[in-house]
Amino acid sequence: MPELPEVETVRRQLAPELVGRRVIDAGSHPSAKFTPARQLNGIRFGDPGRRGKYLLLPTSDGRELVVHLGMTGQLRFRQHGPDVDDPYLRAWWMLDNDRALEFADVRRFGRLRVVPAGHYDDIPTLHNAGPEPWDSELTPRSFHARLKASRRMLKTQLLSQRPIAGVGNIYADEALWLARINPKATRLGVDRAGDLLEALRQVLQQGVDNGGTTLRDYRNVDGDSGSNQGELLAYGRSGEPCIRCGVTLKSDVLDARTTTWCPNCQRH
DNA sequence: GTACGGCCCTGTTAGC
DNA sequence: TGCTAACAGGGCCGTA
């Protein structure tokens with residue numbers, strides 16, 4: 001499930017091949033999630049950006065293609081044209097270099113939007129997203145203030161994208177474990193908020209360095225898996241011993257997401 | 001504003 | 001072996 005490191009990996013791979021390319025034809029699956037793809041006929045792509053888990057592909061006419069990969073979305077290039085026989089092909093753009101950019105998505109949790117550049121009012125999660133993890137204005141104090149704005153559980157807050165952008169289920173569990181913070185906690189002091197911020201930066205940076213985490217579906221633009229799955233210390237390890245203290249990790253469903261933590265070193 | 005439930009989807013896995 | 005049910009999960013929407 002693509003989170004910030006996976007989306008950043010895709011962005012970096014797309015950039016060199018996409019910038020300046022003109023769309024000479026486009027098509028999509030009939031679902032409204034994907035039909036915006038068709039609005040891009042004739043434009044040229046600019047330099048791909050990213051905000052949280054959203055890919056932002058600027059177009060030469062002052063708009064942006066906003067791509068959310070959902071859980072199983074994948075962007076890739078294909079020589080000579082799109083593979084229209086692929087049952088999971090959801091959208092495609094034929095480019096002026098005899099290559100097609102394809103968006104495939106097995107579970108259709110992904111979505112595409114075309115908006116005037118920088119106008120995200122109709123994309124609530126993007127519109128309300130907190131700062132990027134490495135934003136210089138994001139400090140222990142400002143992060144603490146953002147967390148304090150809600151009384152919801154920390155895990156829920158992280159998944160909401162409001163305190164910080166780009167964190168999903170995997171990296172939230174990893175960061176909370178690393179910072180020794182209970183996912184069900186509802187408030188933190190400034191110091192502990194600083195610990196959590198530092199842990200989030202660490203696990204996200206590690207994810208980027210490893211080209212993302214592939215549990216099952218995620219592939220980068222070249223069709224390769226990431227390698228960060230070998231580094232996970234909490235996520236998906238319920239029932240196994242905590243690497244720090246040996247106590248068995250437990251899991252529970254919070255906010256409809258499986259959450260794994262150590263009942264000993266993440267007591268509070 | 002917040003909390004909560006439900007929905008979208010389909011491949012995989014567990015259980016019978 | 002073959003079937004069914006449960007599960008995975010990010011974002012969004014409606015309701016309270």
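Each chain gets a letter, A, B and so on, in the order the sequences are listed, and its residues count up from 1.
A salt bridge is absent between D195(A) and R180(A): the closest approach of a Lys/Arg side-chain nitrogen to an acidic carboxylate oxygen does not fall below 4.0 angstrom. Salt-bridge formation is detected for the pair R11(A)/E8(A): a Lys NZ or Arg NE/NH1/NH2 atom is positioned less than 4.0 Å from an Asp or Glu carboxylate oxygen.
Residues L200(A) and L196(A) are in side-chain contact: their nearest non-hydrogen atoms beyond the backbone lie under 4.5 Å apart.
Atom-to-atom, CZ of R107(A) to C1' of dG10(C) comes out at 12 Å; the value is rounded to the nearest Å. Separating the NE2 atom of H127(A) from the P atom of dG1(B) is a distance of 11 Å, rounded to the nearest angstrom. We find that OH of Y235(A) is positioned 9 Å from P of dA8(C), with the value rounded to whole Å. If you measure from atom CG of L254(A) to atom P of dG5(B), you get 13 Å, rounded to the nearest angstrom. Remark: C1' of dG11(C) and CG of D105(A) are 13 Å apart, rounded to the nearest angstrom. Taking atom CD of Q157(A) as the reference point, atom P of dG10(C) lies 17 Å away to the nearest angstrom. Atom CZ in F109(A) sits about 9 Å away from atom C1' in dG11(C), given to the nearest Å. Taking atom CG of L126(A) as the reference point, atom P of dC12(C) lies 9 Å away to the nearest angstrom.
Listed nucleotides: dC9(B), dG10(C), dA3(B). Nearest to the side chain of R108(A): dC9(B). The side chain of R257(A) lies closest to dG10(C) when the candidates are dC12(C), dA8(C), dG10(C). Nearest nucleotide to the S150(A) side chain, out of dC8(B), dT2(B), dA8(C): dT2(B). Ranking dA3(B), dG11(C), dG9(C) by closeness to the H68(A) side chain, first place goes to dG11(C).
The environment of CZ in R141(A) is sparse: at most 12 heavy-atom neighbours from other residues, nucleotides or ligands sit within 6.0 Å.
For Q161(A) and dG10(C), the shortest distance from a side-chain N or O to OP1 or OP2 is not below 4.0 Å. The shortest distance between the side-chain N/O atoms of K33(A) and the OP1/OP2 oxygens of dG11(C) is not below 4.0 Å. Note on T258(A): every side-chain N or O is 4.0 Å or more away from OP1 and OP2 of dC7(C).
Looking at heavy-atom distances under 4.0 Å, I123(A) makes contact with sugar-phosphate atoms alone, never a base. As judged by a 4.0 angstrom heavy-atom cut-off over every strand, A149(A) is placed among residues touching the sugar-phosphate backbone only.
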Determine, stepwise, if the pair T259(A) / D252(A) fulfils side-chain hydrogen bond (donor to acceptor under 3.5 Å, both in side chains). CA-CA 5 Å; T259(A) 297; D252(A) 205 349; over 6 Å; no
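Between M71(A) and R113(A), the residue whose closest nucleotide on DNA chain C is further toward the 5' end is M71(A). Residue-to-nucleotide proximity on DNA chain B shows that, of R162(A) and S31(A), the 5′-proximal contact is made by R162(A).
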